[in-house]
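Before any comments, here is the structure.
Everything numeric in this text was worked out from a predicted model, so none of it was measured.
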Amino acid sequence: MVKPSRSYRVFQGVNGVILTIVVLVTLYPFVNIIARSFSGERQIRAGEVTLLPKGFNLTTYEIVFQDSMFWRNYGNTVLYTVVATAVAMVLTTCYAYVLSKKHLKGRGVLVGIAVFTMFFTGGLIPNYILVTSLGLKNSVWAIALPNAISVFNLLVMKAFFENLPTELEEAAQIDGLNTYGVLLRIVLPLSKAVVATMVLFYSVSFWNSWFSAFLYMDRTDLMPVTVYLRNLIQGATGGGNAGAGTEQLSQVGANIQAVTIVLTALPILCVYPFVQRYFVSGVMLGAVKG
């Protein structure tokens, strides 16, 4: 075994110090947000909260958790995320697989249509008219269908599929598999990394989305939790500014943003470690030729 040179050991030490600083700088805002969500109003307004909660307080959490509408909206978010992600994955995978075939006639046109939508959109009002005229308002399809394909995700999957050996597909076709059989039984099992990565991308996007629901949903019981928490922030802040307030309202106004961030990000943070190992390999394999 070759002994590392002195310069290499110095590089490792410097690299370790720099990465440690980067990790600490990255983690500090998250830890601070969690500490603020459990802190008292006076300590928050005085700027005393850093890494640990001060004046431990659960008022805002209690108000949120005791509201039945919160759980209803949270269930809506789970439903919208699951359905929209499933629709997006089916459409993106099929489109990317088609575009990966270099012998396909009109392939350049299809790629151009997809890329065109990255820079030009129909606009808010035409989209609203379209969704309304199709009768999609107040349904999960108003969230799932208009945002079903992300062009960035499409191009990543396309590049990944292009790197798969064509000999595997040819052998499967000789064995009698049709196009759908090749995709389902050969291509997708070999594409777990990029599929997991795209599921993560789409899930985070739909989970954090609120504007589509705010635009296309007229009933409170159909809103996702992001809209619920937005309204809670607006109500607490507006009430505090109007001088309404009780001690409870002041506490809510002080740490509602921190509580909102924690409640919204927690499910994604719990899921991410299980798909993180696919994340890097999925993106890299879809981006590197060879």
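Taking both residues in full, the closest heavy atoms of Pro224 and Ala213 are given as CD-CB, 3.2 Å, listed atom of the first, atom of the second, then distance. Here the shortest heavy-atom pairing between Pro53 and Ser39 reads CA-OG, 3.3 Å. Thr121 and Thr117 make their closest contact through CG2-O, 4.1 Å (heavy atoms, listed as atom of the first residue, atom of the second, distance). Shown here for Thr226 and Trp210, the closest heavy-atom pair between the two residues is OG1-CB, 3.3 Å.
The 12-atom threshold is exceeded at CZ of Phe65, counting heavy atoms of other residues, nucleotides or ligands nearer than 6.0 Å.
Using a 4.5 Å heavy-atom cutoff, the side chains of Leu263 and Val225 are not in contact. Annotation: side chain of Glu169 is in contact with side chain of Lys101 (closest heavy-atom distance under 4.5 Å). Between Val195 and Lys192, every side-chain heavy-atom pair lies at or beyond the 4.5 Å cut-off. Considering only heavy atoms from C-beta on, Phe214 comes within 4.5 Å of Arg230 through its side chain. Side-chain atoms of Lys158 and Val111, non-hydrogen and from C-beta on, do get closer than 4.5 Å to each other. With contacts defined as side-chain heavy-atom distances shorter than 4.5 Å, the pair Tyr228/Asn76 does not qualify.
For Thr93 (side chain) and Val90 (main-chain N/O), no donor-acceptor pair under 3.5 Å exists by modelled atom type. For Asn73 (side chain) and Met223 (main-chain N/O), a donor-acceptor pair under 3.5 Å exists by modelled atom type. Using a distance-only test at 3.5 Å, with no hydrogens or angles considered, no donor-acceptor pair links the side chain of Asn15 to the main chain of Phe11. In this structure a side-chain-to-backbone donor-acceptor pair under 3.5 Å is missing from Ser205 to Phe201.
Here Arg6 pairs with nothing under the salt bridge (charged side-chain N to carboxylate O under 4.0 Å, His left out) rule; sequence neighbours left out. Considering only residues two or more places apart in sequence or on other chains, Thr81 meets the side chain to side chain contact (heavy atoms under 4.5 Å, CB included) condition with Thr77, Thr85, Ser203, Phe206, Trp207. Scanning for salt bridge (charged side-chain N to carboxylate O under 4.0 Å, His left out) contacts around Glu48 gives Arg42, with sequence neighbours left out. Residues satisfying the side chain to side chain donor-acceptor pair (under 3.5 Å) test with Tyr80, not counting sequence neighbours, are none. Under the rule for a salt bridge (charged side-chain N to carboxylate O under 4.0 Å, His left out), Arg9 has no partner lying at least two apart in sequence or in another chain.
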Practice task
Could you please spell out the steps behind the side-chain contact (heavy atoms from CB on, under 4.5 Å) verdict for Thr179 and Leu183?
Solution key: CA-CA 6 Å; Thr179 302; Leu183 175 62; 5.8 Å; no

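Applying the salt bridge (charged side-chain N to carboxylate O under 4.0 Å, His left out) test to pairs two or more places apart or on separate chains, those with a residue in residues 104-114 are Arg107-Glu162. Judged as a salt bridge (charged side-chain N to carboxylate O under 4.0 Å, His left out), not a single pair has a partner in residues 83-96 (not counting sequence neighbours). For the ring pair (Phe, Tyr, Trp, His ring centres under 6.0 Å) condition, no pair includes a residue of residues 173-197, sequence neighbours left out. Identified under the ring pair (Phe, Tyr, Trp, His ring centres under 6.0 Å) test for residues 106-125, with sequence neighbours left out: Phe116-Phe120.
Interatomic distance, CG of Asn178 versus CD of Gln173, reported as 9.0 Å (0.5 Å rounding). The CD1 atom of Ile268 lies 10.0 Å from the CG atom of Leu266; values are rounded to the nearest 0.5 Å.
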Report, one line per pair, each donor and acceptor closer than 3.5 Å where one atom sits in a side chain of residues 139-157; sequence neighbours left out.
| unit_1 | atom_1 | unit_2 | atom_2 | d |
| --- | --- | --- | --- | --- |
| Ser139 | OG | Leu136 | O | 2.5 |
| Ser139 | OG | Trp141 | N | 3.4 |
| Asn147 | ND2 | Ile143 | O | 3.4 |
| Asn147 | ND2 | Ser212 | OG | 3.4 |

Anything under 3.5 Å between a donor and an acceptor, one on a side chain of residues 125-134, the other on a protein residue two or more places apart or in another chain? List them.
| unit_1 | atom_1 | unit_2 | atom_2 | d |
| --- | --- | --- | --- | --- |
| Asn127 | ND2 | Gly123 | O | 3.1 |
| Tyr128 | OH | Lys137 | NZ | 2.9 |
| Thr132 | OG1 | Tyr128 | O | 2.8 |
| Ser133 | OG | Ile129 | O | 3.0 |
| Ser133 | OG | Leu130 | O | 2.8 |

N/O donor to acceptor pairs below 3.5 angstrom from side-chain atoms of residues 17-30, sequence neighbours left out:
| unit_1 | atom_1 | unit_2 | atom_2 | d |
| --- | --- | --- | --- | --- |
| Thr20 | OG1 | Gly16 | O | 2.7 |
| Thr26 | OG1 | Val22 | O | 2.7 |

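A donor-acceptor pair shorter than 3.5 Å can be found between the side chains of Asn255 and Thr60.
Ring geometry for Tyr97 against Phe161 counts as perpendicular: the plane angle is over 60°, on a 0 to 90° scale with 30° as the lower cut.
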